[in-house]
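Here is the naming used below: chain letters follow the sequence lines, and residue numbers restart at 1 for every chain.
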2 protein chains.
Amino acid sequence: MKIEIKDLIQDGPKYVLPNISVDSVIFGYHEKELKVLLQRPQGISKWMLPGGYVHRDETIKQAAERVVKNRTGLDRLFLNQFQSFGTPTRTKDSELTPALFAEINQMELDENHWMFDYFVSIGFYSLTEFSKVVPSGEFYLEECTWWNIGDLPSLLYDHQEIIEAALKALRLHIYHYPIGYELLPEKFTLPEIHSLYETILDKTFDSRNFGKKLIATGIIKKLDERRNIGAHRAPFLYVFDMENYNQALENGYALFV
Amino acid sequence: MKIEIKDLIQDGPKYVLPNISVDSVIFGYHEKELKVLLQRPQGISKWMLPGGYVHRDETIKQAAERVVKNRTGLDRLFLNQFQSFGTPTRTKDSELTPALFAEINQMELDENHWMFDYFVSIGFYSLTEFSKVVPSGEFYLEECTWWNIGDLPSLLYDHQEIIEAALKALRLHIYHYPIGYELLPEKFTLPEIHSLYETILDKTFDSRNFGKKLIATGIIKKLDERRNIGAHRAPFLYVFDMENYNQALENGYALFV
DNA sequence: TCCTAATACGTTATAATTACGGAATAAATA
DNA sequence: TATTTATTCCGTAATTATAACGTATTAGGA
């Protein structure tokens, strides 16, 4: 169900749950850089996470999926709830006031408008294949682009804190569950998946030991093909063994200690 | 701030956030059994987790602390947010209907009463020292007691699922962070903390190796005292080294692989 | 043909973990 | 007083996992 923005502003709680939002930290991986998708609303200098309200007929996870799909176009997602944020003042900001919001939307709205109330936000993070994503905003957004994780702009509300918590959760996740299926092409090389892990964890691993351990887990299978990478020895291609991969997602495993 | 129940039922959203609740899984440990504190409302056959609403001037964590304090009397708590639950139908129950609720409270209230709307619940779990707790209900509760984790009664809503998720989160937590400070007496023996870990993880550990490893982490210190346990060799007493313990809470550590 | 930079494969040294033998101890019992 | 029993406590050997590193292979380019 698509809700008209004017209706939403005026009668929000008729369509969505008041005082609850979902915010998504969308991670992308590209050329050995970990990135986050951020958006900037009209008339505001600060950036924020893609977020939205929960429709009365959907689950919180479906709400997060809808938000991510609107920004990335992707719906086959690795999506993970990691933490909820609830402090009475977390969405107060001196720049983004009800008055400014009213002016931008050319409407009258009072100080206690429902959108400026105490909001508890459920945080999700997702990992997406950077190259498949077409960042797209909505009419109320001026920009929607990727930012390197190490070089973020000034953020609205407590969104800096949310990103940090998401990154921490992602890194903890990697120690127990495999990743890569959503981030790498179907066929990939050992150095590619090696770089992926190094980038996300911001650590280096001995490539010889890394490959040995990863193969030992059984989650990847070697193919009888190589990829031509130009002026160097052609590396073998691998694919994920989805049976073992999914089992590791279910039961967990330890790739590093 | 204490809110009168009649006011809450009639004008809830004036005092608390609508559509949001906090539910607490309160774990207790006693005689090698892991227990959960549950309550049963008047006129209902099913049991439920202690839960409550979020006051407009408190954080979600403070709300959870208030709930736990009301049920256990304890305020020095190990309290951990682990997951939020949000499905439109999660708080529909054929037994606990608005009509029954109205009858119990001797009030008129319609089908769409705010308390029976779609609620998103933020789940917290806490570990408490069983012996210090005095389970106490409120006037609308008929019972409030401990249940063994392996032998739970029939539960209201999705509370069975919430308990399972809490236990999973607790067990994952133990692999990375120390526990015991809230659960054991100030001075405890190696066999005592050994049993605690075995009970919570539902696994056995070699007592000789367990002790060696735990001492090696530096989070406990041996005293020059023994505890008289009757007909057997008196075990040495230990205390937590709070500096190392808190550092392990901050940075994490691996006691088991 | 040789050089360079990357992948691929293997071996060894070190560290961590697990398994287990057996002494010490406190109190009840014969 | 000696024996039994259940438990704590200390140490060591065997096994396994991890980390460190050496070197062969291979593609393109100088």
Return the value, rounded to whole Å, for the distance between atom CZ of B:Phe205 and atom P of C:dA19. 12 Å

Using a 3.5 Å distance criterion without hydrogens, assess whether the side chain of A:Asp158 forms a donor-acceptor pair with backbone atoms of A:Glu161. no

Is there side-chain contact between A:Glu129 and A:Val133, with at least one heavy-atom pair below 4.5 Å? no

side-chain hydrogen bond (donor to acceptor under 3.5 Å, both in side chains) partners of B:Glu65, counting only residues at least two apart: none

Do B:Asp202 and B:Leu34 come within less than 4.5 Å of each other through their side chains, counting heavy atoms only? no

Length of the CG-C1' vector between A:Leu214 and D:dA19, whole Å: 17 Å

Are B:Arg71 and B:Leu141 packed together at the side-chain level, in the sense that at least one heavy-atom pair is separated by less than 4.5 angstrom? yes

Just how far, in rounded Å, is P of C:dA8 from CD1 of A:Ile229? 8 Å

Whole-Å distance separating the CD1 atom of A:Ile220 from the P atom of C:dA8: 11 Å

Rounded to whole Å, CZ of A:Phe236 lies from C1' of C:dA6 at a distance of 14 Å

So which of residues 185-199 of chain B are in contact with DNA chain C, with a heavy-atom cut-off of under 4.0 Å? none

Answer yes or no: are there more than 12 heavy-atom neighbours, outside A:Phe130 itself, under 6.0 Å from its atom CZ? yes

Give the B/S/- string for nucleotides 20-30 of chain D, one per nucleotide from 5' to 3', where a protein heavy atom under 4.0 Å of the base yields B, of only the sugar-phosphate yields S, and otherwise -. BBB-BBBBS--

Roughly, in whole Å, what's the span from CZ in A:Phe210 to P in D:dA17? 19 Å

For atom CD of A:Glu225 and atom C1' of C:dT7, their distance in whole Å: 17 Å

Strictly distance-based, threshold 3.5 Å: is any side-chain N or O of B:Asn148 a donor or acceptor partner for the main-chain N or O of B:Asp151? no

Pair B:Arg227 + B:Glu192, salt bridge at N-O below 4.0 Å: yes

Which whole-number value in Å describes the distance from A:Tyr175 OH to D:dT18 P? 13 Å

Is it the case that the side chain of A:Thr128 and the backbone of A:Phe27 share a donor-acceptor pair, with hydrogens and angles ignored and the cut-off at 3.5 Å? yes

